[in-house]
Number of protein chains: 2
Amino acid sequence: MSLAGLFPIDKWNFKTQSILNNLPENESAGLLPYMQEQRYGKGEIIFREGTRASGIYFIKKGKVKKYQVDQAGKEQIIYVANTGELIGYHAILAEEPYPDSAATLEESFIAFIPKENFLNVLENSTELPRRLLKTLSHEFTVLTNSISVFAHRSVRERLAISLIVLREKFKAETPEGKDIFINLSRSDLANIVGTGHENIVRFLSEFKAAGIITTHGRKICVKDIRQLVKISGYGNV
Amino acid sequence: MSLAGLFPIDKWNFKTQSILNNLPENESAGLLPYMQEQRYGKGEIIFREGTRASGIYFIKKGKVKKYQVDQAGKEQIIYVANTGELIGYHAILAEEPYPDSAATLEESFIAFIPKENFLNVLENSTELPRRLLKTLSHEFTVLTNSISVFAHRSVRERLAISLIVLREKFKAETPEGKDIFINLSRSDLANIVGTGHENIVRFLSEFKAAGIITTHGRKICVKDIRQLVKISGYGNV
DNA sequence: TAAGAATTGTGATTTTTTTCAATTTTAAAA
DNA sequence: TTTTAAAATTGAAAAAAATCACAATTCTTA
């Protein structure tokens, strides 16, 4: 079933189109030869908040958490980037250190593009800045939306929202017709929702008891998405 | 005294440089003649979330809250824009409806630039897209930072942070050496911090009793900013 | 000026969330 | 497979925050 009209999934995803795909040939020619693909094991750090940015990263396959760690050592996941998304460009465009850290949530294949090549193409491109402006502006919508949710919604609601959003992300790699499994540690889930892992477990138990989800080990399968939408607070508007 | 080294004030402000100031003459020539300045009374709405964007707004003088209202009717202020800042460009660049609403917090003078003129200059400019990319990327830092804070910090900490940030915003219009007064309704303050006005009042009383602030009617004067920084959680790292 | 409305402030109660302490289960390594 | 470590789960207590009810003050405006 589609979420269209039920849940504003677009307000939770950065990606509208792929930034690098189908660039005019003369522009992609400045990038493709310099892309160095690399395999990252699960949980590997790609870059660290506060460090100098040396390039951007294109996720060819995999999932990456973008997160900040506060002074108390608590991790907050800002966004989960999926296959096809570009990361690391904020630091370079803002001429600032990385505003957040990035680490893989599963085995991933990621291509690195050195800063110089990226900036060089950006200088001489008309399409790339346009796409970046569009993407960055849409990201504003997403982050703004997140702030409202963190400021006002309960943990239970936020978990429901997160499950809906994550389901979409894990949907991409699931064969048509098969069950979609959200495969994340409880801690990662807690750091997305912004609470402790104990609370996550509690509400997952509740959802399980209500028949909304099933769990298979750590993997979560959403069985009644309408119910989740309802809990999320978006359903009954 | 300076906040440098004590508190990351840059992580709370969008503005790094003015986007429109000192543009090359041939570029500003496409904007300035079309700018229509208008006076807004306190509390007037400039644009509404979800509506079609017809242009951008330049705050010549005044303060504007950017906010979202959730399905329960609760308002969350995402950002307070000050004199010299540009608003409304996200919607146009993302080709989406306004992601948030904007309303004045005090009497303001704001110039409107029609979408067509803005896009026209953007097409033919090299400097404007560069500045917008930089500003938007920096905004990512700011919003990302806000998310972490909303997700993990207590109301008391968030109020302390907000007072430090707001003090900087009200500083701009305060003559050198004079006391800086934060002049906001308790509700607006509550909607910045993300709580009810009762909680704001309670913590303000506490801060007052501790000699950290004084109040003069609704106006708040910060007397001991070091103490505020300490409460904010940034001081003792 | 007085009436009414809006804002500010206080107290008490309820709900939510966090934290602490264990136990069970699962995953990883020898 | 056994051992060990890590992750998931449950329960109870403490702390934080939201909510409700209402009083006091300030602001509007008739």
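Throughout, a chain's letter reflects where its sequence line sits, starting with A, and its residues are numbered from 1.
Aromatic ring centres of Y67(A) and Y79(A) lie farther apart than the 6.0 Å criterion allows.
Every residue two or more places apart in sequence or in another chain that forms a ring pair (Phe, Tyr, Trp, His ring centres under 6.0 Å) with F181(A) is listed here: H216(A).
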Annotated protein contacts, base or backbone, on nucleotides 3-16 of chain D with a non-hydrogen cut-off under 4.0 Å, one of B, S, - each: ----SSBBBB----
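Put simply, CZ on F207(B) is 18 Å from P on dT8(C), counting in whole angstrom units. Following rounding to the nearest Å, L159(B) (CG) and dA17(D) (C1') show an atom-to-atom distance of 14 Å. Between the CZ atom of F203(B) and the P atom of dG11(C) there is a distance of 15 Å, given to the nearest Å. The CD atom of E206(B) sits 14 Å away from the C1' atom of dA17(D) (whole-angstrom rounding). A straight line from NE2 of H152(A) to C1' of dA17(D) spans 13 Å, rounded to a whole angstrom. Taking atom NZ on K219(B) and atom P on dG9(C), their separation rounds to 14 Å, with Å as the unit.
Under a 4.0 Å N-O distance rule, the pair R186(B)/E198(B) does not qualify as a salt bridge. Taking 4.0 Å as the cut-off between side-chain N and carboxylate O, K61(B) and E107(B) do not count as a salt-bridged pair.
In the model, T141(A) has a side-chain atom that pairs as donor or acceptor with a side-chain atom of E96(B) under 3.5 Å.
Side-chain atoms of F207(A) and L159(A), non-hydrogen and from C-beta on, do get closer than 4.5 Å to each other.
Listed pair K74(B) / dT19(D) meets the phosphate criterion, a side-chain N or O lying under 4.0 Å from OP1 or OP2.
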